[in-house]
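Here the structure is laid out as structure tokens; the discussion comes afterwards.
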Amino acid sequence: MEMGKVYNSKVVEEKWCKYWIENKTFSARIDKNKKPFTIVIPPANVTGSLHMGHALNATLQDIIIRFKKLQGYNTLWVPGTDHGGIATQNVVEKLLKKEGKTKYDLGREKFLEKMWQWRSETGDTILDQLKTIGCGLDWDRVAFTMDEKRSKAVKKAFVQMFDNGLIYRGKRLVNWCSRCGTALSDIEVEYADEKSNLWHIKYPLKDSDGYVVVATTRPETMLGDTAVAVNQDDDRYTRLVGKTLTLPLVNREIKIISDYVVDKSFGTGVVKVTPAHDATDNEIAKRSNLETIEIIDVNGEIINAPEKYLGLSVEEARKEIVKDLEEAGFLVKIEDYTHSVGKCYRCLAKIEPLMSEQWFLNVGEMSKKAVDAANDGRTVFCPQSWKKPYVLWLENLRDWCISRQIWWGHRIPVYYCVNEQGNKTNCKPVASFEKPEKCPCCKGKNFVQDEDVLDTWFSSALWPISVFNWGEDENNEDLKYFYPTSVLATGHEIIYLWVARMAQFGLEFMKDVPYNGVFIHGIVRDKHGKKMSKSLGNVVDPREIMEKYGTDVLRFALAQAAAPGRDMQILEESFLAARNFANKIWNASRFVIMNLEGMGKLDDNIYPSELADEWIISEFANTASKVKTAYESYNIDTASREIYDFFWTKYCDWYIELSKIRIMSADRNVKRQILSILVHMLKSTLQLLSPVMPFITSEIWDILNKDDENAKIIAESFLAVIPGCINQESAASQSVIPERLNRESILEKMKNIQDVIVKIRTLRSEMNISPAVQIKALFNILDNNKKQIVKENENYIKQLL
RNA sequence: GGGCAGUUAGCUCAGCUGGAAGAGCAUUUCCCUUACAAGGAAGAGGUCGCAGGUUCAAGUCCUGCACUGCCCACCA
């Protein structure tokens with residue numbers, strides 16, 4: 001290809017994307033002679049299209065994979081997508097709504113057909129976009145959390161845990177989203193502060209004229225109050241404990257109880273207890289054996305209440321009840337009050353805590369095992385600071401509500417025995433892959449399957465084992481070879497939702513952690529520090545950046561900003577800087593390639609003949625060593641910066657500049673010697689950089705090696721310019737520098753010479769003297785130290801000026 | 001209420017185990033020198049959030065405080 005002055009990313013990127021896929025460069029098969037290095041991609045939701053967060057996450061993983069491949073590992077990076085449960089169902093429901101239909105109009109079966117159709121039309125968008133980023137994924141292994149193999153894994157896991165008694169059904173207080181019409185797990189609720197009021201309400205004592213005043217943010221739930229609680233140490237109320245109150249509007253008799261959780265200093269120090277609609281109250285009720293009265297149903301409507309409130313929505317009921325309380329003289333005052341309110345993480349509707357029958361997973365033992373794995377170093381966090389919150393979360397985890405009242409997802413493989421009329425019998429439900437032949441209990445042959453589906457995170461939790469086909473064969477060779485995976489790279493927003501659950505399931509089913517390392521990277525934020533999200537309308541579309549500047553530029557800008565665990569702002573300027581760097585690489589390469597014209601094929605040896613040669617080699621070795629350490633510890637930002645600095649300020653600004661003068665006056669043989677180092681330094685740097693900027697480096701590599709069939713792509717392992725400087729089994733940085741090159745003394749000498757040259761250039765510039773004036777003219781102006789250096793290196797410096 | 005990050009040049013950020021303040025962008029001056037003006041050379045710009053402490057020596061370690069952000073919590 002013609003090397004123009006400016007690097008043209010378009011053609012190059014298309015070429016290499018195609019090349020890597022067609023040649024299956026990143027397809028991995030078991031090779032017992034090589035160590036595996038495995039990553040499973042965090043499966044993107046099928047509703048997704050590439051945003052900056054994906055681009056960052058994918059780029060970082062690709063950098064790690066490409067680096068490990070260069071080091072000689074048998075690398076595997078598994079691609080895939082997630083069915084995305086509620087989120088995806090909501091998308092399709094919205095589409096239906098545009099046609100004026102609801103999912104109920106279609107019915108479950110037709111609706112699911114629609115879902116599958118939609119998923120087959122648009123579900124792979126994100127994968128295609130990952131290809132354009134250059135991701136070295138094994139495209140022969142694409143997985144989907146709801147495809148056949150993954151479904152088998154889900155059923156297998158469920159049945160196993162069900163049979164072990166870990167999965168149980170129970171009626172409990174759950175987080176209910178009445179917009180999505182389903183229960184959610186604790187972690188799927190997002191809390192946000194909201195301005196509201198604190199209503200102070202009189203609750204009269206039954207046997208006297210006295211009363212207590214409760215303060216509440218939810219007056220409407222008084223309909224379901226079954227007690228009033230005070231702190232046992234609260235002198236104001238201790239004498240009242242055990243007395244009976246008459247619940248206003250309802251006229252039910254309720255007791256005053258004491259509980260440690262009540263804060264004397266909050267509100268009036270008296271809490272109304274609504275066990276069916278508040279988590280704290282539910283706990284109090286358990287401790288004091290209180291009755292639970294449900295007054296809000298799954299549609300968000302009032303039930304079990306005086307007639308006038310029946311069927312009202314929660315908000316209507318609140319208005320009515322406050323009005324009625326006021327009219328009846330029970331309302332003492334209304335204060336302004338801001339408190340946090342739970343919202344559905346998918347639709348942002350208010351969460352209603354209510355009683356509902358659901359499937360739960362007992363996570364106690366699994367959590368302990370995951371905690372142990374984090375504590376004993378089987379799973380290592382990068383940065384380490386994430387370990388503590390991770391462990392804390394696992395230690396305080398409540399049982400996981402795994403059933404969802406939606407249609408899109410893995411249907412719960414539990415079957416209920418039914419009689420001739422289709423009514424459920426009292427037989428124990430059975431969990432199994434297929435509909436059972438006959439009931440183990442009554443030998444009946446009729447069954448209905450549970451209506452609910454599993455939390456989408458259930459199948460995600462199985463991802464590291466399901467992608468290796470654990471569901472069909474838990475002893476297969478791939479699983480043995482590639483599991484546990486080497487590292488999991490993700491943002492911190494799904495540590496609990498996903499990372500912790502994978503650890504639990506991995507340890508449960510494989511008796512081993514699913515990943516040895518967890519690399520937590522930051523979140524991309526906009527210039528105001530806000531998280532980029534569609535709803536805020538502040539997204540910088542990575543595809544626009546790729547279009548405008550090229551994919552390598554996008555990758556470099558992201559890589560260079562990706563300090564582990566730190567959120568980052570990506571501004572337009574960071575892309576400009578990266579664009580300039582890409583151009584610099586292109587042009588420096590152009591310089592080298594131009595000088596190679598007519599020089600014939602250089603051999604693989606290098607011929608350092610001057611201080612500058614030794615200096616650049618020594619500097620490269622130093623850089624390579626730092627870069628290696630940085631890549632290996634996932635300090636991708638450091639790696640990128642080190643390469644940038646070496647290439648620009650050392651290789652280009654000094655080495656190439658010095659070489660120009662040398663080349664001009666050199667004969668063919670000397671020129672070949674100088675070029676041997678120029679070329680090798682260039683190639684070596686290209687390799688170091690290739691994980692971050694694979695396109696431009698591959699392209700230049702290809703041009704440099706156009707006559708060499710063996711070096712078609714940047715490749716399987718590093719150059720041996722400086723033996724062992726970067727390979728898997730490399731030694732420490734000191735030993736990689738050829739022995740006769742004493743780094744300290746080279747640096748010292750080179751520094752002195754650079755100082756003199758800079759000084760002389762400055763003098764020329766200040767005195768407005770033409771470059772032709774030789775050192776002698778300027779010699780007298782130099783200080784003694786520099787004079788000495790000039791004397792010692794006169795010939796050399798003359799040559800370089 | 002608890003936990004975790006951050007606070008370094010006008011802006012975005014590097015500065016790991018303590019030893020003479022760094023990069024990119026922006027800015028000033030000069031240079032279209034045949035790799036690159038998306039470039040080169042030289043320069044200006046910082047009491048490293050505040051207050052203490054440890055040390056011969058502290059952005060770098062310790063304590064307290066302030067502000068910002070995030071996460072967790074049974075904030076009725």
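All figures in this text were calculated on a predicted structure; none of them were measured in a lab. So you know, we letter chains A, B, ... as the sequences are listed, proteins then strands, and number each from 1.
Spacing of P atoms, B:G69 relative to B:U47, comes out at 26 Å, to the nearest Å. Taking atom P in both B:A23 and B:A37, one finds a spacing of 23 Å when rounded to whole Å. Spacing between B:G6 and B:A14 at atom C1', rounded to whole Å, works out to 14 Å. Comparing the C1' positions of B:U29 and B:A20 gives a spacing of 28 Å, expressed to the nearest Å. Using atom P as the reference point in both B:A42 and B:G24, the two lie 12 Å apart (nearest Å). Distance noted for atom P between B:U8 and B:G1: 27 Å (whole Å). Of the C1' atoms belonging to B:G46 and B:U7, the separation is 14 Å, rounded to the nearest Å. Annotation: B:C61 and B:C71 have their P atoms spaced 26 Å apart (nearest Å).
Residue A:Ile593 is out of contact with every strand shown, counting any heavy-atom pair closer than 4.0 Å. When heavy atoms are screened at a 4.0 angstrom cut-off, A:Val270 is found touching base atoms of the nucleic acid. No contact: A:Val592 has no heavy atom under 4.0 Å from any strand. Using a 4.0 Å heavy-atom distance criterion, A:Tyr191 is classed as making no nucleic acid contact.
Comment: A:Glu657 engages A:Lys660 in a salt bridge, judged by a side-chain N to carboxylate O separation of less than 4.0 angstrom. A salt bridge is defined here as a Lys NZ or Arg NE, NH1 or NH2 lying under 4.0 Å from an Asp or Glu carboxylate O, and A:Arg641 with A:Asp645 fails to meet this definition. Look at A:Arg218 and A:Glu220 and you find a salt bridge, because one of the NZ, NE, NH1 or NH2 atoms lies within 4.0 Å of a carboxylate O, short of that distance.
Regarding A:Glu395, its CD atom lies at a distance of 15 Å from the C1' atom of B:G2, rounded to whole Å. Atom-to-atom, CG of A:Asn282 to P of B:A76 comes out at 15 Å; the value is rounded to the nearest Å. A:Asp567 has its CG atom 12 Å from the C1' atom of B:C4, to the nearest Å. Going from atom CZ of A:Phe575 over to atom P of B:C11 covers 21 Å, rounded to whole Å. The distance from atom CG of A:Asp653 to atom C1' of B:C36 is 11 Å, rounded to the nearest whole Å. Rounded to a whole Å, the NE2 atom of A:His492 is 7 Å from the C1' atom of B:C70. To the nearest angstrom, P of B:A5 lies 13 Å from CD1 of A:Ile495. One can place CZ of A:Arg398 at 14 Å from P of B:C72, the figure rounded to the nearest angstrom.
If you check B:C75, B:A35, B:A14 against the side chain of A:Asn587, the one that comes closest is B:A35. Closest to the side chain of A:Tyr496, out of B:C74, B:C71, B:A35, is B:C71. Ranking B:C74, B:G39, B:C75 by closeness to the A:Lys584 side chain, first place goes to B:G39. Of all nucleotides listed (B:C36, B:U34, B:A76), B:U34 comes nearest to the side chain of A:Met594. Minimum atom distance to the side chain of A:Val262 is reached by B:A76, of the listed B:A14, B:A35, B:A76. Of the candidate nucleotides B:C72, B:C13, B:A35, B:C13 has the atom nearest to the side chain of A:Arg566. Considering only the side chain of A:Tyr260, B:C74 comes nearest among B:A14, B:C74, B:A38.
Note on ring orientation: taking the six-membered ring where Trp is involved, the planes of A:Trp586 and A:Tyr7 are tilted (angle from 30° to 60°). Between A:Tyr634 and A:Phe519, the ring planes are parallel. Angles under 30° get that label, and only those over 60° would be called perpendicular. Aromatic ring orientation, A:Phe581 versus A:Phe647: perpendicular (interplanar angle above 60°, classes split at 30° and 60°).
Annotated as syn: B:G59, whose glycosidic dihedral is within 90° of 0.
Across all strands shown, B:U17 has no partner, as no Watson-Crick or G-U wobble contact with both distances under 3.5 Å is found. Judged by Watson-Crick or G-U wobble contacts below 3.5 Å, the nucleotide B:U55 has no partner. Here B:U47 sits opposite no nucleotide as a Watson-Crick or G-U wobble pair (both hydrogen-bonding atom distances under 3.5 Å). When Watson-Crick and G-U wobble pairs are counted only if both distances are under 3.5 Å, B:G1 pairs with B:C72. Here B:A66 sits opposite B:U7 as a Watson-Crick or G-U wobble pair (both hydrogen-bonding atom distances under 3.5 Å). Pairing partner, B:U34: none, since no Watson-Crick or wobble contact has both distances short of 3.5 Å. Across all strands shown, B:U28 pairs with B:A42; the Watson-Crick or G-U wobble distances both stay below 3.5 Å.
Of the two residues near RNA chain B, A:Ile187 and A:Tyr337, the one whose nearest nucleotide lies more 5' is A:Ile187. Map A:His339 and A:Ser589 each onto its nearest nucleotide of RNA chain B; the residue landing nearer the 5' end is A:Ser589.
For B:C74, the OP1/OP2 oxygens have no side-chain nitrogen or oxygen of A:Lys286 closer than 4.0 Å.
Remark: side-chain polar atoms of A:Thr268 are paired, donor with acceptor, to backbone N or O of A:Val213 under 3.5 angstrom. In this structure, A:Tyr651 contributes its side chain and A:Leu678 its backbone to a donor-acceptor pair below 3.5 Å.
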key: Stepwise side-chain hydrogen bond (donor to acceptor under 3.5 Å, both in side chains) test for A:Thr238 and A:Gln232   = CA-CA 6 Å; A:Thr238 38; A:Gln232 57 267 45; over 6 Å; no

note = In B/S/- notation (B base, S sugar-phosphate only, - none; protein heavy atoms under 4.0 Å), nucleotides 19-25 of chain B written 5' to 3' is -----SS

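No N or O donor and acceptor, one from the side chain of A:Glu657 and one from the base of B:A41, sit under 3.5 Å apart. Side-chain atoms of A:Ser385 and base atoms of B:C4 include no donor and acceptor less than 3.5 Å apart. For B:A35, the base has a donor-acceptor partner in the side chain of A:Lys660 [N/O atoms by modelled type, under 3.5 angstrom].
Summarising the geometry, atom NZ belonging to A:Lys264 is positioned 8.5 Å from atom CZ belonging to A:Arg236; distances are rounded to the nearest 0.5 Å.
Considering A:Tyr390, A:Trp386, A:Trp393, A:Phe381 as possible partners of A:His492, the one that fulfils the ring-ring contact (aromatic ring centres under 6.0 Å, His included) test is A:Trp386.
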